[in-house]
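Contents: one structure, followed by commentary.
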2 protein chains.
Amino acid sequence: MISPKSPSRTRGPKAHRVEPDQILDAAERVFAARGLQAASVRAIAAEAACDASLIYYHFDSKETLFLALLDRLLPALHQELARLSAEVERPVVERLWETLRLYHRHMGHRAGLRAIIKGELVRGAEGLQREIGGRLVRNAEQVANILRQGIEEGAIRPELEPRLGAFFLLKTFIETLDLVPRLGVFLNEPVKPDIPKAIQSWFQLYWRGVATDPLTPLPALPPLSEF
Amino acid sequence: MISPKSPSRTRGPKAHRVEPDQILDAAERVFAARGLQAASVRAIAAEAACDASLIYYHFDSKETLFLALLDRLLPALHQELARLSAEVERPVVERLWETLRLYHRHMGHRAGLRAIIKGELVRGAEGLQREIGGRLVRNAEQVANILRQGIEEGAIRPELEPRLGAFFLLKTFIETLDLVPRLGVFLNEPVKPDIPKAIQSWFQLYWRGVATDPLTPLPALPPLSEF
DNA sequence: GGGATATTTCATCATGCGTTGAATTTCTGA
DNA sequence: TCAGAAATTCAACGCATGATGAAATATCCC
């Protein structure tokens, strides 16, 4: 009976420890539901059903949390891209489409992550932007590699700067993911959002745009994953 | 001699009245230099060399200021697009390229405005986003119209949904404007940014992607304006 | 059992934000 | 000449934010 004041029973370890991953999950949910702006440390903590301070127990700062979020996603993506990049026997069209499928599988249902990637940053996050940019470029570089291989084997127009080509492919893909669900709101009329169709449409445009021989019909494209 | 306390001479009208337009200019400068996040009312006021309160004398709120910024740009763009849309005799390729030139002329040197358009918003600006989105869609609709005409006359693939096609064209254009200058930073190696080249590259890709007959060589493309 | 250690919350700080109301000065027009 | 309107600044409010240090509780190991 050392404690003189009423010993509140709220402090101390819970029955189930709040894992860092749970906090990251909560952060993603907040981002997706209310946008990056609203993703204050307190809001994330509320979503994770813990105190804001606990976030600082697991992460050095809010920026660290953001990066951790990215680093939870990117390694897997990187690895799968490396695999794709190594399948030199496979036609480049197929591999580029698989690239989109890959990105879609990893990011299609993660609007919060996309928001980070798109660079909607928090308060004057200069260092962060640099850090994020670097990570993303490393990813895009792999896609550029596939394009390079395509150029070498003559399937892709040699005028295309591969890094720029990778940027076009990925950026427009991500932006399309974010646009399509909001189209109805902007147009002020009900529009059934059909993301797979929009993505296919984008890929058709893209491939015709980069291919040396744009008139060869596309192979059958395996569908995007559903969520 | 009514004033009992030392009458500071700082208040009252200045020699040259601070016009609302000057405040908008200042806002654009702050956006461009330090990003939307840093564009606090105080920062804008400092750039405009006036007090923050004066901004509220001219504008109802910060959001109003943002919209005023857009409304200073969009009408001119809208009108020029309408003109382009009416030149039905002119080949669609040319008109689409002119569209990009138009956007480039109006927004190429206005990174701040692009930031607003891209939706990097301030604190929980839900209403704003809606308002901005509506204005932009009206603009994109004009480009979609050109695409529709192209489909009717058989120059553009009929599978292309015109609104989506307009989105692809404009969005990637804007994103390219913002990417190219930063590429060197991300790649950690000096890269001479060549925006016109990147934009041309994009347009070549795009036109091949949407044209019914992608192999017809592009006409000579008038250069983008220099800044 | 008891001390070290890990986990959690509480209370608080300083800061910056958007905004407002009042005070002050200059300009205008009757 | 003088009243009122216009333009400008000052001082402050309330609030949300990122972050910190200390306190409290649970768990584990010897």
Side-chain angles (χ1 to χ4, degrees), chain A residues 1-23 26-27 30-31 34-68 121-128, chain B residues 1-23 26-27 30-31 34-68 121-128:
Chain A
M1 209 64 78
I2 314 169
S3 51
K5 316 206 169 177
S6 68
S8 61
R9 281 154 195 85
T10 58
R11 281 193 260 209
K14 298 179 178 178
H16 301 297
R17 174 184 127 111
V18 179
E19 300 290 337
D21 260 341
Q22 293 176 251
I23 294 178
V30 174
F31 294 160
R34 295 161 47 203
L36 260 206
Q37 299 302 330
S40 65
V41 173
R42 283 169 176 80
I44 296 172
E47 177 71 28
C50 71
D51 189 86
S53 306
L54 191 61
I55 293 184
Y56 288 93
Y57 180 72
H58 286 301
F59 302 94
D60 283 347
S61 68
K62 200 187 169 185
E63 301 206 350
T64 316
L65 192 160
F66 275 55
L67 285 181
L121 292 186
V122 251
R123 290 212 203 180
E126 307 235 327
L128 233 201
Chain B
M1 210 66 74
I2 314 170
S3 51
K5 318 205 165 176
S6 67
S8 61
R9 281 155 195 84
T10 58
R11 282 194 260 210
K14 299 178 177 177
H16 301 298
R17 174 184 127 109
V18 178
E19 300 290 337
D21 259 342
Q22 293 176 250
I23 294 177
V30 174
F31 294 160
R34 294 161 50 202
L36 259 207
Q37 299 301 331
S40 66
V41 173
R42 283 169 176 81
I44 296 171
E47 177 71 29
C50 70
D51 188 87
S53 307
L54 191 60
I55 293 184
Y56 287 91
Y57 181 72
H58 287 302
F59 302 94
D60 283 348
S61 68
K62 200 186 170 186
E63 301 205 352
T64 315
L65 191 161
F66 275 55
L67 285 180
L121 292 186
V122 251
R123 290 210 202 179
E126 307 235 325
L128 231 200

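Sequence lines set the chain letters: A, B, ... in the order given, protein chains first and strands last, and positions in each chain run from 1.
Residue B:Tyr57 places no side-chain N or O under 4.0 Å from the OP1 or OP2 atom of D:dT8.
Taken from OH in A:Tyr57 to CD1 in A:Ile23, the straight-line distance is 11.0 Å, to the nearest 0.5 Å. To the nearest 0.5 Å, atom CD of residue B:Gln22 and atom NE2 of residue B:His58 are 8.5 Å apart. Considering CG of A:Asp60 and CG of A:Leu67, their distance stands at 11.0 Å, rounded to 0.5 Å. Taking CZ of A:Arg17 as the reference point, atom SG of A:Cys50 lies at 12.0 Å (rounded to 0.5 Å).
Mapping A:Ala49 and B:Asp60 onto DNA chain C by nearest heavy atom places A:Ala49 at the nucleotide closer to the 5' end.
Atom pair B:Ile23:CD1 and D:dA7:C1' shows a separation of 11 Å (rounding to whole Å applied). The NE2-C1' distance, from B:His58 to C:dT19, rounds to 17 Å in whole Å. Note: CD1 (A:Ile44) to C1' (D:dG18) measures 11 Å, nearest angstrom. In this structure, A:Tyr56 atom OH and C:dT7 atom P are separated by 19 Å, rounded to whole Å. As rounded to whole Å, 14 Å separates atom C1' of C:dT20 from atom CD1 of B:Ile55. Atom-to-atom, CG of B:Asp51 to P of C:dT20 comes out at 14 Å; the value is rounded to the nearest Å. Per the geometry, CG belonging to B:Asp21 stands 14 Å off P belonging to D:dA7, to the nearest Å. Here C:dT7 presents its P atom at 13 Å from CZ of A:Phe59, a figure rounded to the nearest Å.
Between D:dT8, C:dT9, C:dA6, one nucleotide has an atom nearer to the side chain of B:Leu54 than all others, and that is D:dT8. The B:Lys62 side chain lies nearest to C:dT19 when the options are C:dT8, C:dT19, D:dA7. When distances are taken from the side chain of A:Ser40 to each of C:dG18, D:dT17, C:dT9, the shortest belongs to D:dT17. The side chain of A:Arg42 lies closest to D:dG18 when the candidates are C:dC10, D:dT8, D:dG18. For A:Arg11, the listed nucleotide lying nearest its side chain is D:dA24; candidates were C:dG21, D:dA24, D:dA7.
For the pair A:Ala38 and A:Ala43, the tightest heavy-atom approach, listed with the atom from each and the gap, is O-CB, 3.6 Å. Of all heavy-atom pairs spanning A:Ala26 and A:Ile44, the tightest one is CB-O, 3.8 Å.
B:Ser61 places a side-chain heavy atom less than 4.5 Å from the side chain of B:Thr64.
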How would DNA chain D look in dot-bracket form, 5' to 3', counting Watson-Crick and G-U wobble pairs with both distances under 3.5 Å and writing | for bases paired to another strand? ||||||||||||||||||||||||||||||

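Donor-acceptor pairing under 3.5 Å, judged by distance alone, is absent between the side chain of B:Ser53 and the base of C:dT19.
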